[in-house]
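To keep things clear, I will list the structure first and then write my remarks on it.
Since the structure is predicted, the reported quantities are computational estimates derived from the model, not experimental observations.
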Amino acid sequence: MKPGRYVSLLLALMPAFTLAQEVPDSLHVEVAGVAYPAYGAVFGARFSADMSLGPLPIVRVEGTGETAPPSEGCDPLVNADEVAGNIAFIRRGRCSFVDKVENALAAGAIAVVVYNDAFEPDNEFILPMAGDCEPDICSIPSAFVSRVSGDAILEEIAAGPTDATLIPIRIASPVTVEEDTEARAFVLHPVYPNPLASHATVVINLPTAQAVRVAVFDLLGREVAVLHDGSLPAGPHTLTLDATRLPAGLYLVRATGAGHRATRKLMITR
């Protein structure tokens with residue numbers, strides 16, 4: 001283990017975390033060009049909406065196996081040298097999320113991805129990460145991915161050394177914005193109606209004339225619709241999403257432009 005390696009990296013990242021004004025609600029775990037959504041996340045440090053962690057090697061943990069299978073990370077890790085300074089990949093299992101993070105942190109991991117192999121995809125939004133995690137333990141970003149996502153990431157790891165990037169997804173800003181300030185801000189308003197069955201309205205406000213792209217992504221990070229891609233003048237703009245050809249499920253509407261990015265959740269029902 002090389003403690004100086006991950007400590008220095010955390011110190012380098014902390015100013016960007018602590019000075020951030022926007023806090024994301026979730027993460028995407030990007031591996032081999034594919035973004036896998038995390039449906040549960042704990043942020044040991046504050047992320048801004050436009051920063052990421054990585055790419056860094058994502059390493060499947062190996063515990064001693066005293067109380068649970070090694071891949072569940074319930075015991076001290078025997079591959080700490082591989083985990084140190086990298087992202088720990090841990091299978092959900094017999095111990096709590098807190099125990100997994102604590103063992104990964106002790107081994108020098110600077111982030112954790114827990115793979116929920118116990119539930120089918122249609123249940124992946126029911127089970128959050130559990131445990132009363134103290135700040136000194138959950139001091140690193142941690143994400144919980146579904147069975148489908150975990151299987152895909154595991155295949156990449158099994159094929160050889162694999163890097164991952166944690167990409168924060170801002171669903172909503174925790175800061176209340178007054179109307180006069182909002183008029184001068186880059187704002188993606190909540191989608192309505194939401195949930196929807198066929199069509200939805202998306203309103204974006206631009207503080208200046210700029211090129212902007214508004215697109216819809218599924219939970220595998222695939223772009224499934226583009227509402228606008230080009231220049232727009234300053235002010236509010238109303239866009240329409242035709243979702244009649246999209247399968248039911250949860251999606252993300254993302255607007256990017258002039259150094260800004262904002263994301264909203266969208267649920268399609270049938």
As an exercise, state the distance from [atom1] of [X] to [atom2] of [Y], rounded to the nearest 0.5 Å.
| X | Y | atom1 | atom2 | value |
| --- | --- | --- | --- | --- |
| Glu102 | Cys74 | CD | SG | 12.0 Å |
| Thr162 | Leu56 | OG1 | CG | 13.0 Å |
| Ser149 | Leu220 | OG | CG | 6.0 Å |
| Met267 | Leu250 | CE | CG | 4.5 Å |
| Tyr115 | Arg60 | OH | CZ | 8.0 Å |
| Ser198 | Ile268 | OG | CD1 | 9.5 Å |

### Message
side-chain contact (heavy atoms from CB on, under 4.5 Å), that's the test. Do Val226 and His228 meet it? Break it down for me.
### Response
CA-CA 6 Å; Val226 177; His228 183 84; 5.9 Å; no
### Message
Walk me through whether Thr201 and Leu239 qualify under side-chain contact (heavy atoms from CB on, under 4.5 Å).
### Response
CA-CA 6 Å; Thr201 298; Leu239 307 172; over 6 Å; no
Short question: side chain of [X], backbone of [Y] - any donor-acceptor pair under 3.5 Å?
| X | Y | answer |
| --- | --- | --- |
| Asn103 | Asp99 | yes |
| Lys100 | Arg91 | yes |
| Ser142 | Ile140 | yes |
| Glu82 | Ala80 | no |
| Arg264 | Arg254 | no |
| Asp81 | Ala84 | no |

### Query
Should the pair Arg94-Glu72 be classified as a salt bridge under the 4.0 Å nitrogen-to-oxygen rule?
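Result for this pair is yes, salt bridge flagged.
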Is [Y] reachable from [X] through a run of I, L, V, M, F, W or Y residues, each pair having side-chain heavy atoms under 4.5 Å apart?
| X | Y | result |
| --- | --- | --- |
| Leu232 | Val253 | yes |
| Val34 | Ile87 | yes |
| Val59 | Val78 | no |

### Query
Are the aromatic ring centres of Tyr251 and Phe217 under 6.0 angstrom apart?
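No: the rings miss the under 6.0 Å criterion.
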### Query
Less than 4.5 Å apart, any side-chain heavy atom of Phe186 and any of Thr208?
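They are not in contact (no side-chain heavy atoms under 4.5 Å apart), so the answer is no.
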### Query
Stepwise, does the side-chain contact (heavy atoms from CB on, under 4.5 Å) test hold for Arg213 with Arg261?
CA-CA 10 Å; Arg213 182 178 179 85; Arg261 181 170 66 180; over 6 Å; no
#### Entry: side-chain contact (heavy atoms from CB on, under 4.5 Å) partner of Phe89, chosen from Val61, Val83, Ile58
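Between Phe89 and the candidates, side-chain contact (heavy atoms from CB on, under 4.5 Å) is satisfied uniquely by Ile58.
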#### Entry: side-chain contact (heavy atoms from CB on, under 4.5 Å) partner of Val202, the single match among Leu227, Thr238, Thr240
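By the side-chain contact (heavy atoms from CB on, under 4.5 Å) criterion, Val202 pairs with just one of Leu227, Thr238, Thr240: Leu227.
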### Task
List the steps and the verdict of side-chain contact (heavy atoms from CB on, under 4.5 Å) for Val114 and Val145.
CA-CA 6 Å; Val114 178; Val145 299; over 6 Å; no
For the residue pair [X] and [Y], what are the closest heavy atoms and their distance?
| X | Y | value |
| --- | --- | --- |
| Ala68 | Asp75 | N-OD2, 3.5 Å |
| Val216 | Leu241 | CG2-CD1, 4.0 Å |
| Leu77 | Ala107 | CD1-CB, 3.7 Å |
| Ala164 | Val29 | CB-CG1, 4.4 Å |
| Leu206 | Pro233 | CD1-O, 3.8 Å |
| Pro236 | Asn205 | N-OD1, 3.3 Å |

